[in-house]
Amino acid sequence: MNAEQILFILFGAVSLIGAISVISFRHPIYSALSLIVTFFAQAGLFLLLGAHFVAAVQVIVYAGAIMVLFLFVIMLLNLGTLSAKGAMGGKLKGFAVILGILLAIEGIYIATNVLNNTAIASAQPATATPNTTTYEIGELLFSKYLLPFEVTSLILLAALIGVIVLVKRESESEN
Amino acid sequence: MENLPLSVFILSSIGKILIIVHLLLIGVMAMIWSERRVSGWMQDRLGPNRVGFQGILQPVADGLKFLFKEDLIPNHVDKPLYVLAPAMLLVPALVTVAVVPFGSSITILGHEIPLQIADINIGILYVLAITSLGVYGVVLGAWASNNKYALLGGLRSSAQMISYELTLGLAIIGLLMLTSSLSLREIAKAQGAYPWHWNFLIHFPAFLAFTTAMFAETNRLPFDLAEAEQELVAGYHTEYSSMKFAMFFMAEYMNMIVGSAVTVTLFLGGWHFFGLETMGGPVWSGLISFGIFFVKTGIFLFVFIWVRWTLPRFRYDQLMNLGWKFLLPIALSSIVVTGTLWITTGSRLIVGIGNVVVALIVASIVAGLLAMKAPKPAMQDSDSRVTPTALDAIE
Amino acid sequence: MELKYYLILSALLFTTGVIGVLVRRNAIIIFMCIELMLNAANLAFVAISRSLGEATGQVFVFFVMTVAAAEVAIGLAIIVSVFKHRETINVDEVNSLKG
């Protein structure tokens, strides 16, 4: 086993354990923390894949901003006491888990068998490719994908306005 | 760095890590001492001067006191997070320093060793990423304490950190456009030997915005709403004592030191100073450049202390106004101005002047808008002018 | 590492997210599970981008992240306002269209 494989197993295991903890912890704060751990392990996987810039952005956006917002809301609403109420029944839960396992088997089947016949599998430079630089990503973003890039700014603007409208209506109804 | 043999690389890296981590820890002690002495000097009193020469051993005495205090964990806390939180604040502060170049390079036994632990090509993003994690220690410590004052401190802190992080990130984009590199070493190298080559003159409004945002990120006065003594007992660390409190305390000072080092690298020319860093042989020039960097960081740290003992704390709404209505527009406009002027003229002088002019215009427009919206003072009776507490503001 | 191991990991993470959405009733945790699913997709994007040797997949990760950020901002605002209205964020109890 070389270093890359060991690191892949390490990060993969951590991210999976984190993901399972997200759905099994009772308290939302602990779920949020497990999710942060998962995001970190994923940033590690991105580093293994040579996507340094994406790894950094992953930590900045997900761990640094999105999860802080989650924690902020959990703390603001003091949600810990409410989560136990009205949990799903045992039978339904089992059914959901079985469905999930079926989905996982499907995914694994696609990853191992179906993709072998596509263009992705035939192009196999794999580890030989150098790390993607920030320059490359920037160039793609501002040339080939300029239109989608601008559309994302519209999405953000729409989200911004949406949030303001939501909050504004509330404070008006309170008065 | 790539041409170093593996053994030399590993040995030199371990050496650098040991030196830097110890320097940081000693730096924390030195900062605690100088903060108390400088504040004493500013307030025309003495400050601690009994333990050792001029009280220089006072931090050691403080540390011992913390160490020997009972390490108590209150019954009502959420134990795992309560224990974890101080470490979650301290570790990010420690690991940020890995990418900061603290000197040019030094030649030992024919190997040129760069004075930096790791020169990664996304250096500044790494700094931003790790800085943004510092908030977890504060927020989780506050929540785990199961104490309303601590919780309020944590809520304030998370809102503040999210708001000022934006400015922190946006303020450096203009600089990155002109340097066209994310590596801190390249950024430091790109600035010339003389002060008028340094980035703080070209991006002066961005420099001010960045510095202010960094003050906010370190949770110090005038931005210490998370631990406002008059309102929240001690804020997020109300329930902490002994070494756990000491770790919060150390993390604050460590954040200051690392933040100053990053600012010096980004805006104040790194290890450059009038060509002094190129004098002497391959060994001496490295040491001199390290010395220059050290002194610059020290001066910047003095500014930290100076500001703390000069400005009073912001009110919560003032904090948010400053962050969202002044710093953010200024940082954004500096991106636009730097980009436009650099493409059209290609002159750093014009970019520098344009930045200042536009920042002044933006700030005055915002100030004008705020003044128009604010109720006229004559309408207010004297009662309503009583300062609202930040507790009201957070509701 | 071969591409398929990354894809398997991505599939497993995605499945965990799906199970979470199905099993949990707390709106915040359902939200986190959606983030998890988006992240699993990101992992697949980056892995395939690596194996094709071009950066397009990583560009797509940015779009996913932007959408995720926008979604979180809106979603959390909705959760906060629902909570203020009904004192609960259990998705089974928030089932009427009228406020």
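Per chain, numbering begins at 1; letters A, B, ... match sequence-line order. Please read these numbers as outputs of a predicted model, since none were measured by experiment.
- Nearest approach of C/R50 to A/G50, heavy atoms of both residues: NH1-CA, 4.1 Å.
- Proximity to chain A (any heavy atom under 4.5 Å) is shown, for C/S10, by neither the backbone nor the side chain.
- A distance of 5.0 Å separates OH of A/Y62 from CD of C/E35, quoted to the nearest 0.5 Å.
- In this structure, chain C has a heavy atom under 4.5 Å from the backbone of A/S24, while its side chain stays farther away.
- Nearest approach of C/L22 to A/A96, heavy atoms of both residues: CB-CB, 3.7 Å.
- Expressed to the nearest 0.5 Å, how far OG1 of A/T38 lies from CE of C/M32 amounts to 11.0 Å.
- Contact annotation for A/L35: only side-chain heavy atoms (C-beta onward) come within less than 4.5 Å of a heavy atom of chain C.
- Inter-residue side-chain proximity for A/L48 and C/Y6 is flagged as met; some heavy-atom pair is nearer than 4.5 Å.
- One finds the CD1 atom of C/I19 at 8.5 Å from the CD1 atom of A/I20 (value rounded to the nearest 0.5 Å).
- For C/L9, the part lying near chain A is the side chain, with the backbone staying farther off; criterion is any non-hydrogen pair under 4.5 Å.
- Between chain C and the options A/T152, A/V22, A/L156, heavy-atom pairs under 4.5 Å are most frequent for A/T152.
- Neither the backbone nor the side chain of C/A44 comes within contact range of chain A; no heavy atoms are under 4.5 Å apart.
- Ranked by heavy-atom pairs under 4.5 Å with chain A, the first of C/V21, C/V61, C/L43 is C/L43.
- No hydrogens or angles considered: nothing links the side chains of A/Q58 and C/N42 as a donor-acceptor pair under 3.5 Å.
- C/T15 contributes atom OG1, which lies 7.5 Å from atom CD1 of A/I108 (distance to the nearest 0.5 angstrom).
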Exercise. Carefully, step by step, assess C/V23 and A/I23 under the rule side chain to side chain contact (heavy atoms under 4.5 Å, CB included).
Key: CA-CA 8 Å; C/V23 170; A/I23 61 172; over 6 Å; no
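- Judged as a side-chain contact (heavy atoms from CB on, under 4.5 Å), and not counting sequence neighbours, the contacts of C/A27 are C/I79, C/I89, C/V91.
- Here the closest non-hydrogen pair linking A/L166 and C/S81 is CD2-OG, 4.3 Å.
- Shortest non-hydrogen contact noted between C/L36 and A/A19 is CD2-CB, 3.6 Å.
- Residues A/I137 and C/F62 meet the side-chain proximity criterion, which asks for heavy atoms closer than 4.5 Å.
- Interface remark: of the candidates A/S31, A/G162, A/G12, A/G107, A/S31 forms the most heavy-atom pairs closer than 4.5 Å to chain C.
- Nearest heavy atoms, C/I74 versus A/A159: CD1-O, 3.5 Å.
- Shortest non-hydrogen contact noted between A/V57 and C/M65 is CG1-SD, 3.6 Å.
- Proximity of C/L76 to A/F72: side-chain heavy atoms (C-beta onward) are nowhere separated by under 4.5 Å.
- The structure places CD1 of C/I28 at 6.5 Å from CG of A/L77, a figure rounded to the nearest 0.5 Å.
- Of the listed residues (C/N39, C/T66, C/V46, C/I30), the greatest number of heavy-atom pairs within a distance under 4.5 Å of chain A belongs to C/N39.
- For chain C, the nearby parts of A/A32 are the backbone and the side chain; heavy atoms of each come within less than 4.5 Å.
- Between atom CG of residue A/L103 and atom CG of residue C/L12 there is a gap of 10.0 Å, rounded to the nearest 0.5 Å.
- Residues A/I155 and C/V67 form a side-chain contact, since some pair of their non-hydrogen atoms from C-beta on lies under 4.5 Å apart.
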May I have the list of side-chain donor-acceptor pairs in residues 140-149 of chain A shorter than 3.5 Å, sequence neighbours left out?
{"unit_1": "A/S143", "atom_1": "OG", "unit_2": "A/E139", "atom_2": "O", "d": "2.6"}

